[in-house]
There are 4 protein chains.
Amino acid sequence: MEVGVRVPLGPLPLLRYSTPELLSLWSESNKFRTWAKVEWAVAKAQEELGIIPKIGLSERLEKLINDEEFWEDIPRQVEEIEKRYDHDVLAFLAVIERDIGDIGRFLHFGLTSSDVVDTANSLLLKRALEYILEELKLLSDALFEKAKDYKYDPVMGRTHGVFAQPTTFGLKFLSFYSEALRNLKRLKDAIEEVSYGKISGAVGNYLTNPPYVEELALSYLGLKVEPLSTQIIPRDRYAFALNVLSLIGSFLERLALEIRLSSRTETGEIFEPFGKDQRGSSAMPHKRNPIKSERLTGIARLLRGWALAENESVALWQERDISHSSVERFVLPDATTTLHYALRLARNLVKNLVIDRERAKENIEKFGDFYLSSVLLMVLTEKGASRDESYAWVKEVSQNSFEKGTSILEEALKHEKIRQFVGEDELRRRLRLDPKIFVDKIFDRFSAIE
Amino acid sequence: MEVGVRVPLGPLPLLRYSTPELLSLWSESNKFRTWAKVEWAVAKAQEELGIIPKIGLSERLEKLINDEEFWEDIPRQVEEIEKRYDHDVLAFLAVIERDIGDIGRFLHFGLTSSDVVDTANSLLLKRALEYILEELKLLSDALFEKAKDYKYDPVMGRTHGVFAQPTTFGLKFLSFYSEALRNLKRLKDAIEEVSYGKISGAVGNYLTNPPYVEELALSYLGLKVEPLSTQIIPRDRYAFALNVLSLIGSFLERLALEIRLSSRTETGEIFEPFGKDQRGSSAMPHKRNPIKSERLTGIARLLRGWALAENESVALWQERDISHSSVERFVLPDATTTLHYALRLARNLVKNLVIDRERAKENIEKFGDFYLSSVLLMVLTEKGASRDESYAWVKEVSQNSFEKGTSILEEALKHEKIRQFVGEDELRRRLRLDPKIFVDKIFDRFSAIE
Amino acid sequence: MEVGVRVPLGPLPLLRYSTPELLSLWSESNKFRTWAKVEWAVAKAQEELGIIPKIGLSERLEKLINDEEFWEDIPRQVEEIEKRYDHDVLAFLAVIERDIGDIGRFLHFGLTSSDVVDTANSLLLKRALEYILEELKLLSDALFEKAKDYKYDPVMGRTHGVFAQPTTFGLKFLSFYSEALRNLKRLKDAIEEVSYGKISGAVGNYLTNPPYVEELALSYLGLKVEPLSTQIIPRDRYAFALNVLSLIGSFLERLALEIRLSSRTETGEIFEPFGKDQRGSSAMPHKRNPIKSERLTGIARLLRGWALAENESVALWQERDISHSSVERFVLPDATTTLHYALRLARNLVKNLVIDRERAKENIEKFGDFYLSSVLLMVLTEKGASRDESYAWVKEVSQNSFEKGTSILEEALKHEKIRQFVGEDELRRRLRLDPKIFVDKIFDRFSAIE
Amino acid sequence: MEVGVRVPLGPLPLLRYSTPELLSLWSESNKFRTWAKVEWAVAKAQEELGIIPKIGLSERLEKLINDEEFWEDIPRQVEEIEKRYDHDVLAFLAVIERDIGDIGRFLHFGLTSSDVVDTANSLLLKRALEYILEELKLLSDALFEKAKDYKYDPVMGRTHGVFAQPTTFGLKFLSFYSEALRNLKRLKDAIEEVSYGKISGAVGNYLTNPPYVEELALSYLGLKVEPLSTQIIPRDRYAFALNVLSLIGSFLERLALEIRLSSRTETGEIFEPFGKDQRGSSAMPHKRNPIKSERLTGIARLLRGWALAENESVALWQERDISHSSVERFVLPDATTTLHYALRLARNLVKNLVIDRERAKENIEKFGDFYLSSVLLMVLTEKGASRDESYAWVKEVSQNSFEKGTSILEEALKHEKIRQFVGEDELRRRLRLDPKIFVDKIFDRFSAIE
């Protein structure tokens, strides 16, 4: 049957957005090596517990596992045998046995394929998530650094895309840092969720290996025992992890959106770094397009789609069906690799963002200080003016200010009705915004966290 | 404009799958009452802190909040005023002020709409999740009870829908209990995640209310302070919660799938309870269809769709855009209400499931004990037979057993090659499966949890 | 069992975003009335074909169907009986029979519940899609009108949010009109896809009603015969329709995004209409927030989630399982009603958009005519300059222009290297953009369509 | 920056589920070759229209395009230059110009990158869909053949997994054939939807190439002119196509579900083909697991996730943002390649399915002919019995039949109340089901289609 070829291609296939670490982790070679690790752990436990004779099996396997070169050609060899068997684990075992000879009689002793594949899967996914954790930490550090660097630098806060009230660049970055912290917490939970293995046999009844083999073997691999496995680890664990990856994607999307909106030509407050030799557009050489942020935006969508496919794979049939497998062959490597890449990209982006403090200030000033209208509303209330009247007066004042480019203070001072309630001194004292005060207070909350 | 009517209908609208608690929680009346709670907490804090005069505002509000009847007609009143204002919070305030009179001058003092709406939202979502937690606990208890009741009762374990090896009904239920425990943990995390409020003003800069008002007010409401809010609480918190609800849906889907597969006519091991008067099908009065399980299956799909919409709402524009609002008007009440209903339905289902122990035993016996082939494979390996030969012999033996309806033991005893390696006694001792051993061991793991 | 209450509530439930037409279409009353239509069509066919005696059943049913008041109380009556039967169709039949008396003996003759429910469902969904088609046409007309009104009015075209080259408001609107036309085509296909009914019995084997009853009955209802139905109409038809609704949602999202981006304070080219009495924000009375566009954005997300749930409901078990039903109880009314509302909202929005032609011109002029750099690049190539050199010169010229606010022409005329290749006249002739030419050409393509 | 490496790996990357045709189509080499095709078509049109001099550019490009070997190394060369430029199209042009020398001065004349990339994309996606169309046709033929082969062979129809009434294997296959036909129609529409190109410049204003160049160039490529393009082809076209691919996935999922349910051990009516050497399970050598069908099930989930990501990419910013690009780098090749593979897999599966006619008959007989109860209900109604009484009597009869394993006819003949209404002859005549009649009628509907 000509379907499902996995032979090498003339042209190099798309590797898309990836990092060396994750490509290597999810390589076919490393998959087989990880299977061998599980076989090793079980053999070692069985030797230790007197279930199989100590004729050197686990030692031999350990040597193999440590021999990195050995694994390079294994995928090709397994593939060849798989053509006949149509069963990857049996083909893998045949290749290993061919190498280790007679000592291999007790290889895979009492194991079912899923004991090996699923436990190895946990090891790979756990490792992938740990890589992502490291990158997320680095990004989160970069965000905190940026927040401190621009702590008090004012920038207009925008709601609905419309000027609202000033905030600071520092708080913008701190907001992303804050979301990163939440995601770090979730990701640690996800790592815990997937750190389970199973050596419980074909339906989880320990027919061929008693529970204490499972316990000992998994301890060698740094995994916990799934308290109740069927043929496989329950997939809600993976779905939880994928949902967290998707949330991290949405976090990057929000960050990307901030950059994209802030780098719009009319706004011009934040720009992506732009290499000297880099060519923006063949037709428009002057453009500084936020293409990395747009890339992150697209990646967030991909992560949602991948998470979805895994979520549909929680409800498997009874003691297992294998429909999750085609899903996971894509989504586990794709989601983790792409996100690892995206986090690294985002870190480089954040570190090298070009922030135009001057432009931000100009933008604030150009549109006046209408945002102080809400303070004026309060002051009037304090002084006893009715809500409806106050509302109307403040609307007048703020529209005047907006149209004439004057300050709210100026307009309020000229407004007779308002002046009947509030004196000049108080207006001068209240109608201003000092970032220091709230910025310090908010930053304090995060210093406490560290 | 004729769009967006929310006037009462002649015909009763669809309420679909719901529970009284959740319908009441998400009612328009309760929404406004919850807004009033936030206004109360802020007023009380401002009074306490000397920001507004103690003229009885918080006391008056407290009374209103405790007067359940008061709220019944409020939605209609707010709607009327909203037609003019096109702004729901201002319309709400007008209604309340109309009632409390002059004392209302300091109502909503220094607040922005989102301080009220978003904090109220947290209160509602938190409460909804707590209701779900209670139901999930009850379902999880029911599953554990069922697991204990059927602890040792054998049933064929099926992988790929094909007979694999026996397990027990107890373990099947325990497997769902185990997944329920994981979801309880996740749900508690989700509750923590949404237990945050914000009284930080239009862009989170505390322009009109200082942080200590926020802290005190939120403490009255049992909420924590969002360390960095913009105009709103960051939406990754809600998305996390929706993802957990979706995972609980998938858990119910897996449970439903077990029931549906086990109640297929040819299998006939588990049935949904069937009322005396209930009529299964107008054309086929004898059928016992697992329609409640099928309903749960559909609900799981809905939950995935709703979660998706919230996940797309994490990346809002800068200090906020309100695109999440139309999403949340549907998904927060729909997802929580439907899941609350589904959990209750599932509990009733689990408690009253009809389990046919006899049929399960017959099914196991009808298809022989071929599953012991894997044990036979092990024994042969222990005795020194080669893997490839053993594999072939065991295949012979198991196919004979399957086709003739004999036991693996019988066939193995007759197999000359096998007998050259293993004696009769050992074959008799090894070729059997005693549920006691593994079942006890696995149950022990869960007793430890309790 | 206390679950699944559908009793009236004290507080009015959320009706969210809806229109009177669709609320009425999906009301419980109309559902039962539509069931009655199917019963009528079958009875009439059976009378016509001599299968049941002509004792006036179809006539009686027709009268009932035309009596609108009759249906108002039916939901309550059915609900009462359903409590006993736990089967909605049987309860419905009991209510109808109670009314029509002995003549009802041949009601539902040889029918299975799904014949009625599924065929009625097709009628409802088809009608809902037709309503949406009407609204989409009206919106598409409004877009075309707007396109013609602003045909030549220049506005900066933005790619990546960055100024690229001028286009016109007319083309912007025409681009949405063009997408609307594609969606109209898809929606007509979707209507065709769902215009099928089935009266083929419990598994589609016509055990109790021959195919010619189906053909005649469906012809009375304006439906086609599903060529091969099982117990139900295959659900890929509905999923196709939901996907089209989701695409229409994404179309509205793109339109909303244009409005939101264009109404950002710094851009200020397009605004949502703003009512006189409308209050934008309790704290910031001056704001003109694009909240309707943001609402449309959220609705697009909802539609994607609803479509997803239906897509998961295509693969039902063999001759049917009913898991699609809980899905469709939500997604069919929710998706169609919300989209109908959204289209009407969008039409009102488009018709009343406030477009600031002057601001758009200022924006173009403020940032110079750097976009002509690409023309300059071409001219240099035509004249024989090397690509790399040309690229460098043009970059110089365009950066000068951008920084100094001069025109590309001015800068090019001063650039010695460029002048060696191109004369002043040619530069003057080529370095300008006349919207007339391309706008007319593009509009012509659409006039041809009409 | 170390991110985003696309260098060759030691270990072969995962190619997963693929076919040679699609891997080759989406290879980097073919991408660049397709870009060259667009450059060729534009150059030829410009030569033809006298816009660039006829110095042999298009001829030279044509030669290159036809030289397959030339393209093998191009990806590597482009990658090298791209490291400096960080712009793939410019790097590609540099490589081509290096080859064709001075003649290349008019290469890419007046083009913007997106003219090339987006038009090439249309060519690739269109071709991919055409490949899928061919495979879908072959699968649909295989289904129709199978339907004819098993036209009258009875099999129990199951609703809710519970025995309902007999149908035939022929109808089961015909039902999938019927869904395949609908998908063929949708897929042809999708091909039409993506058969559009654009040579309209940076924002679609034809600044550098007039519309008649676009028309002529696209005609050489077999594409239609996008009536209104911005910088790119509108993405609703792609989303429509992805939705259709997702629907085809759900169709395969439904087919897979039929196979999986029918091959459950207790049912045993349909089996996946099983190779001689194939090894089903290392622990259970006797198992015949429907793993290919399970693989198809997982692929359907992936397709839904991929479609989702593209649907989120419809609403781009104004004249374009590039967030769709990272999405499409994955979903276009992944979705089309995996589906092409899945269709081929499904065809092989369908062609070689093992169908156990005898077992199917036994299953029908084992559970009696209770399904005739609905006919009995009709007969009683015809004879004037009341609905409620009839219902009760039929319930008795059918439960007796089910429990005792007798026929409905037998039980009805013994039932006194029934016998008061219906004679023996009529009972004998009516209480049977002849597949011939309905099967022929339904098949006729499809013969008419062909």
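A note on names: the letters A, B, ... follow the listed sequences, proteins ahead of strands, and every chain is numbered from 1. Reckoned from all heavy atoms, side chains included, excluding hydrogens, waters and symmetry mates.
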Working note: A:Q231 + B:H160, criterion side-chain contact (heavy atoms from CB on, under 4.5 Å); need CA distance, chi angles, decisive distance, verdict.
CA-CA 10 Å; A:Q231 187 170 86; B:H160 315 275; 4.2 Å; yes

Apply side-chain contact (heavy atoms from CB on, under 4.5 Å) to A:E319 and B:K172, showing your working.
CA-CA 8 Å; A:E319 277 66 37; B:K172 275 185 182 285; 3.1 Å; yes

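- With a 4.5 Å cut-off on side-chain heavy atoms, A:Y206 and B:I437 do not count as touching.
- If you measure heavy-atom distances from B:D189 to chain A, the contacts under 4.5 Å come from the side chain alone.
- Summarising the geometry, atom CD belonging to B:E382 is positioned 10.0 Å from atom CZ belonging to A:R105; distances are rounded to the nearest 0.5 Å.
- The backbone N or O of B:T159 lies less than 3.5 Å from no partner atom in the side chain of A:R320, so there is not a single donor-acceptor pair.
- Between the B:D236 side chain and the A:F251 main chain, no donor and acceptor come within less than 3.5 Å of each other.
- In this structure, B:F446 and A:L228 have side chains that are in contact, with non-hydrogen atoms separated by less than 4.5 Å.
- The two residues B:P211 and A:K441 come nearest to each other via the heavy atoms CG-CG, 3.4 Å.
- Interface remark: B:S246 contributes side-chain atoms only to the contact with chain A (heavy atom separation under 4.5 Å).
- With a threshold of 4.5 angstrom between heavy atoms, A:T208 approaches chain B through its backbone and through its side chain.
- Per-residue counts of heavy-atom pairs under 4.5 Å with chain A were compared for B:I442, B:L261, B:T167; the largest is that of B:L261.
- Most heavy-atom pairs under 4.5 Å with chain B, from the set A:S313, A:P166, A:P435, A:A94: that is A:P166.
- Counting heavy atoms from C-beta outward, A:F109 and B:M378 have side chains that approach closer than 4.5 Å.
- Two residues are said to be in side-chain contact when any heavy atoms from C-beta on lie closer than 4.5 Å; A:T112 and B:S374 fail this criterion.
- Residues satisfying the side-chain contact (heavy atoms from CB on, under 4.5 Å) test with B:A315, not counting sequence neighbours, are A:E253, A:R254, A:L257.
- Contacts with chain B were tallied for A:T381, A:I52, A:T230; A:T381 has the most, counting heavy-atom pairs under 4.5 Å.
- Atoms CG and CG, on A:D434 and B:N205 in that order, are 11.0 Å from each other to the nearest 0.5 Å.
- Put simply, the residue from B:R182, B:K185, B:R186 that forms a side-chain hydrogen bond (donor to acceptor under 3.5 Å, both in side chains) with A:E193 is B:R186.
- Heavy atoms of B:I51 lying under 4.5 Å from chain A are absent altogether.
- Applying the side chain to side chain donor-acceptor pair (under 3.5 Å) rule to A:R98 yields the partners A:Q77; only residues at least two apart in sequence or on another chain are considered.
- Note: B:G384 leads B:G384, B:S200, B:S229, B:S323 in heavy-atom pairs under 4.5 Å with chain A.
- Checked by atom type and distance alone, the side chain of A:R158 never pairs as donor or acceptor with a backbone atom of B:Q318 at under 3.5 Å.
- Side-chain contact check for A:V314 versus B:E179: some heavy-atom pair is nearer than 4.5 Å.
- Taking both residues in full, the closest heavy atoms of A:N311 and B:R304 are given as O-NH1, 3.6 Å, listed atom of the first, atom of the second, then distance.
- Top candidate by heavy-atom pairs under 4.5 Å with chain A, chosen from B:L308, B:L247, B:I322, B:L252, is B:L247.
- At a 4.5 Å heavy-atom cutoff, the contact between B:S262 and chain A is made by backbone and side-chain atoms alike.
- Looking at A:V439, there are no atoms closer than 4.5 Å to chain B (heavy atoms on both sides), in backbone or side chain.
- For the pair A:D321 (side chain) and B:G161 (backbone), a donor-acceptor distance under 3.5 Å is absent.
- Considering only heavy-atom pairs separated by less than 4.5 Å from chain A, the leading option among B:G110, B:G104, B:S178 is B:G110.
- Of the two parts of B:E214, only the side chain, counted from C-beta on, holds a non-hydrogen atom closer than 4.5 Å to a non-hydrogen atom of chain A.
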Passes side-chain contact (heavy atoms from CB on, under 4.5 Å), B:F438 versus A:L207? Steps please.
CA-CA 8 Å; B:F438 65 91; A:L207 177 66; over 6 Å; no

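- Residue A:E97 touches chain B through its side chain alone, counting heavy-atom pairs closer than 4.5 Å.
- Heavy-atom distances place both the backbone and the side chain of B:L107 under 4.5 Å from chain A.
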